[in-house]
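Down below is the structure, laid out as C-alpha cells.
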Amino acid sequence: QVQLVESGGGLVQAGGSLRLSCAASGRTISVYAVGWFRQAPGKERQFVAAITWSRANTYLSDDVKGRFTVSRDSAKNTAYLQMNSLKPEDTAVYYCATALPMQPLHMSGSYNYWGQGTQVTVSS
C-alpha cells in the first residue's frame with residue numbers, strides 16, 4: 001500500500017501563489033505516476049495535473065496550463081503542484097493520488113491510492 005499526505009493549502013488572494021506537496025510513504029517503489037485532482041462544492045472531481053514517476057513526464061489540464069506546474073522529488077518521495085496566478089474558480093479541495101500503470105492519467109478511475117485532500121481558497 002501507499003499512503004499519501006497533502007499539505008500546503010490555504011487562503012490566498014487572486015493572483016497569488018501556493019505550492020502543494022504530496023508526500024508518499026509505504027510501497028512507493030510501485031508508484032507509476034502521481035496525479036492531482038480538485039473538487040469544488042457541488043461539482044465532480046476534476047483532473048488538474050499528473051507526473052510520471054520515472055521519467056517525470058507531465059500533463060496539465062487546459063484550465064491550469066500556463067499557471068500551474070507539477071514536479072516530483074523522487075529522493076523525497078514527494079510530488080508538488082506549484083500554482084501561480086490563482087483565480088477564485090481554482091477554489092477547491094485538492095487531492096493527490098497514485099495512478100495504476102498504463103492507465104489514462106486524466107481519469108480518476110485510474111488511481112488507486114488517494115490522500116485526504118487539502119483546501120485551497122482563492123479570494124477575489
Side-chain angles (χ1 to χ4, degrees):
Q1 287 193 345
V2 177
Q3 294 79 42
L4 301 172
V5 178
E6 300 102 335
S7 61
L11 173 65
V12 65
Q13 289 188 333
S17 299
L18 284 173
R19 187 177 81 156
L20 305 183
S21 299
C22 173
S25 60
R27 191 173 169 77
T28 57
I29 194 171
S30 65
V31 172
Y32 166 68
V34 172
W36 288 93
F37 287 75
R38 65 187 181 186
Q39 189 165 20
K43 295 189 176 181
E44 292 187 353
R45 193 164 294 188
Q46 176 190 30
F47 171 75
V48 176
I51 183 166
T52 60
W53 208 250
S54 60
R55 299 194 175 200
N57 295 326
T58 60
Y59 307 87
L60 295 164
S61 71
D62 288 343
D63 289 345
V64 306
K65 206 168 288 184
R67 300 188 296 125
F68 292 10
T69 58
V70 59
S71 62
R72 62 101 172 94
D73 184 333
S74 55
K76 296 182 178 180
N77 290 325
T78 301
Y80 303 97
L81 183 68
Q82 178 67 45
M83 306 186 295
N84 300 326
S85 302
L86 282 161
K87 305 175 181 180
E89 50 265 43
D90 294 318
T91 295
V93 177
Y94 284 70
Y95 300 89
C96 66
T98 56
L100 295 164
M102 309 308 291
Q103 297 298 309
L105 293 177
H106 66 285
M107 297 179 65
S108 61
S110 299
Y111 294 79
N112 51 354
Y113 296 109
W114 292 80
Q116 82 288 351
T118 185
Q119 177 71 46
V120 171
T121 304
V122 185
S123 63
S124 57

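One finds the CZ atom of Arg19 at 11.5 Å from the CE atom of Met83 (value rounded to the nearest 0.5 Å). Going from atom OG1 of Thr78 over to atom CG of Leu4 covers 10.0 Å, rounded to the nearest 0.5 Å. Between the CZ atom of Arg72 and the OG atom of Ser54 there is a distance of 7.5 Å, given to the nearest 0.5 Å. The OG1 atom of Thr58 lies 14.5 Å from the CZ atom of Phe68; values are rounded to the nearest 0.5 Å. Distance check, rounded to the nearest 0.5 Å: OG of Ser124 to CD of Gln13 gives 9.5 Å.
Considering every non-hydrogen atom in both Ala40 and Ala92, the closest pair reads N-CB, 3.8 Å. Residues Ala79 and Val34 share a closest heavy-atom pair of CB-CG1, 3.9 Å. Listed here is the closest heavy atom pair of Tyr59 and Thr52: CE1-CG2, 4.2 Å. A pairwise comparison of heavy atoms in Gln3 and Gln1 identifies NE2-CB, 3.7 Å as the closest pair. Here the closest heavy-atom approach between residue Ser85 and residue Asp90 is recorded as O-OD2, 4.4 Å.
Between the Thr91 side chain and the Val122 main chain, a donor and an acceptor come within less than 3.5 Å of each other. Side-chain atoms of Tyr113 do not come within 3.5 Å of backbone N or O of Cys96 as any donor-acceptor pair. Remark: side-chain polar atoms of Thr98 are not paired, donor with acceptor, to backbone N or O of Val31 under 3.5 angstrom. Side-chain atoms of Glu6 do not come within 3.5 Å of backbone N or O of Cys22 as any donor-acceptor pair. Using modelled atom types, one side-chain atom of Ser110 and one backbone atom of Pro104 make a donor-acceptor pair closer than 3.5 Å.
Between Phe47 and His106, the ring-plane angle classifies as perpendicular under the 30° and 60° cut-offs.
In the hydrophobic clustering of ILVMFWY residues, with side-chain heavy atoms under 4.5 Å counting as a link, Trp36 and Tyr111 come out apart. Residues Val93 and Leu18 fall into different hydrophobic clusters, defined by Ile, Leu, Val, Met, Phe, Trp and Tyr side chains chained together at heavy-atom separations under 4.5 Å. Leu81 and Tyr32 are assigned to two separate hydrophobic clusters, defined by single-linkage of ILVMFWY side chains at heavy-atom distances under 4.5 Å. Clustering ILVMFWY residues whenever any of their side-chain heavy atoms sit less than 4.5 angstrom apart, transitively, puts Tyr95 in a cluster other than the one holding Val120. The hydrophobic clustering, which links ILVMFWY residues whose side-chain heavy atoms are closer than 4.5 Å, places Val48 and Leu60 together.
The closest side-chain donor-acceptor pair between Arg38 and Gln46 falls under 3.5 angstrom.
Under 4.0 Å is where a charged nitrogen must lie from a carboxylate oxygen, and between Asp62 and Lys65 at least one such pair does.
Separation of the Trp114 and Phe37 ring centroids falls under the 6.0 Å cut-off.
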